[in-house]
Amino acid sequence: MPAVDLLAGLREIVGDTHVVTDPDSVAPYAQDWTRRWHGKPLAVVRPATVAQVSAVVRACAAAGVPLVPQGGNTGLVGAGVPQDGEVVLSMARLDSVGPLDPLGRTLMAGAGATLAQAQRAARSAGLDVGLDFSARDTATVGGIAATNAGGERVMRHGVARFRIRGLEAVLADGSVVRRMSGVSKDNTGYDLVQLLIGSEGTLGVITAVQLDLIRPHKIVGTALVAVRSVDDALTVLHAVQHDFTGIEAAEFFHHDGLQLVLEHERLARPFDRPHPLYLLFDLADDDGRPDAFEELTELLAGLDCVRDVCLVATAADRRRLWELRELQTEAVSAEGIPVKLDVALPLNQLSLFERRLAEVVREVARHAVPILFGHIAEGNVHVNLLNAVEEDADGAVTEAVLDLVASLGGSISAEHGIGLANRRWLPLTRSSADMSAMRAIKQALDPEGILSPGRMLPEPSRPAHKD
Ligand code: 2HG
Ligand code: ZN
């Protein structure tokens, strides 16, 4: 089918104004915000209902034109960015939030609802989503499900797949699967919900999500602890976890990352003098100890490896400390396009990884400036390498770092996914048996390769664009 016929068909399904082809309006959908991933889509299509999504998928499949679902476009691995000639299926208009079931503790949300919208709805009922990260105002619930996103609350409440009870999705043939009974025990056949979570748009288009809400604990305080090394940060975390049950989030960043945030965001420095590394954590009121704040102050003061502490309780002060961590991504991007890697190491390999990383980077990209930060409780390090994009043109820098990660028993993709960025490196930590099973799943659910071809798995054959 010629492209003009497909566009006419798509206009009939979603209405003229929701098939976008003029370059200025297409631009925000065609590139990710790091500016590393971009393509020239045939069109951006914005359906408003699951029936429209299904009809769009059918029309694209009939025309042999691949499509890529897109949520808030906050992904970092090119999974939701179009390649040339693809249709972008924007989920933005499927943004309903609710209903919320307070008894079963679930919240329905359309794929295009933002995380912040879902959080507000849950909090208005005294509950919470149990997921949080800095892109909350833009990242969508569908994107979170499709990428199995992580973030800051994972140590307590798990990654997205633990926070999702059910979902609705359109498969490559346009059929709709809906698993949203809300029943938390359901062993009826293969778990398609869990299969679709983290499939990055390659197995189906997630149109709605049923979130599994948590009962939040009150946060007693937030601590920023200055230490010398990642090992010291782990020692502090371990000591706090020994004495308190409710550690909600544990993050780390280095001096150079903090420096970038302070410069770019014009924020006040947290301590009079610089320190090599910072541990940031929230303490929740699980134990119901009335003096928890004072007890934590005392505990931290008694630890030899602690060089300085800032412990705060008010919402404004807590926000101020969290900004030092959450704004690292933007501060790095303001410096230039980084090589971005998202890895996880066993905790006992974390300090060795940091040491070896410095050597490896010096060897392969002499001018690179590594900025490391992340979610320390899961050993999840966001490796941002500034001044390394050129040296990484053929993947040499990425390969060197990911080889190191694999040799230390880590994960080459902790929470950002595979997308286009990491597909080449999958065999580093996935056996040929793994790869064959994944390919078989893709082949069974999307035999024509219509959904996000080339993401996740290297693409064996791509359907030709018939125009
Ligand atoms: C975060 O934890 C995000 O802030 C982004 O996962 C990480 O920019 C990054 O590398
Ligand atoms: Zn992260």
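Because the structure is predicted, anything quoted here is derived from the model rather than measured. For ligands, and for the atoms within them, numbers begin at 1 and follow the listed sequence.
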Expected output: side-chain E391 to main-chain A365 donor-acceptor under 3.5 Å: no
Exercise: identify the closest heavy-atom pair between S229 and L277: O-CD2, 3.8 Å
SB check D212 R165 (cutoff 4.0 Å): yes
Part of N384 with heavy atoms under 4.0 Å of ligand 1, whether side chain, backbone, both or neither: side chain
Contact flag H375/the Zn ion (ligand 2), N/O/S atoms, threshold under 2.8 Å: yes
Row check, W37 ring normal vs R423 NZ/CZ: under 6.0 Å, within 45°: no
Atoms of ligand 1 close to H375 [distance to a heavy atom under 4.0 angstrom, numbered from 1]: 2 (O)
Within reach of ligand 1, part of E152 (heavy-atom separation under 4.0 Å): neither
Ligand 1 versus Q328: contacting region, heavy-atom distance under 4.0 Å: neither
Salt bridge present between E86 and R455 (N-O < 4.0 angstrom): yes
Numbering as shown, the atoms of ligand 1 that approach E415 to under 4.0 Å (heavy-atom distance): 2 (O), 6 (O)
Under 4.0 Å to a heavy atom of K340 - the qualifying atoms of ligand 1, by number: 8 (O), 9 (C), 10 (O)
Min heavy-atom dist H416 to ligand 1 below 4.0 Å: yes
Test side chain to side chain donor-acceptor pair (under 3.5 Å) applied to H264 and E330, Q259, E335, the passing residue: E335
Lys/Arg cation over aromatic F244: R289, 6.0 Å, 45° cone: yes
Structural part of F133 in contact with ligand 1, heavy atom criterion under 4.0 angstrom: neither
Under-4.0 Å salt bridge between D282 and R153: yes
Proximal heteroatom of E415 relative to the Zn ion (ligand 2) (N/O/S): OE2
Heavy-atom nearest neighbour in the protein, as seen from atom 4 (O) of ligand 1, with distance rounded to 0.1 Å: R325 NH1, 3.2 Å
Residue and atom name of the nearest protein heavy atom (relative to atom 5 (C) of ligand 1), distance in Å to one decimal: T329 OG1, 3.4 Å
Within-shell test, E326 vs ligand 1, heavy atom, strictly < 4.0 Å: no
R136 with D132: basic N within carboxylate O range, under 4.0 Å: yes
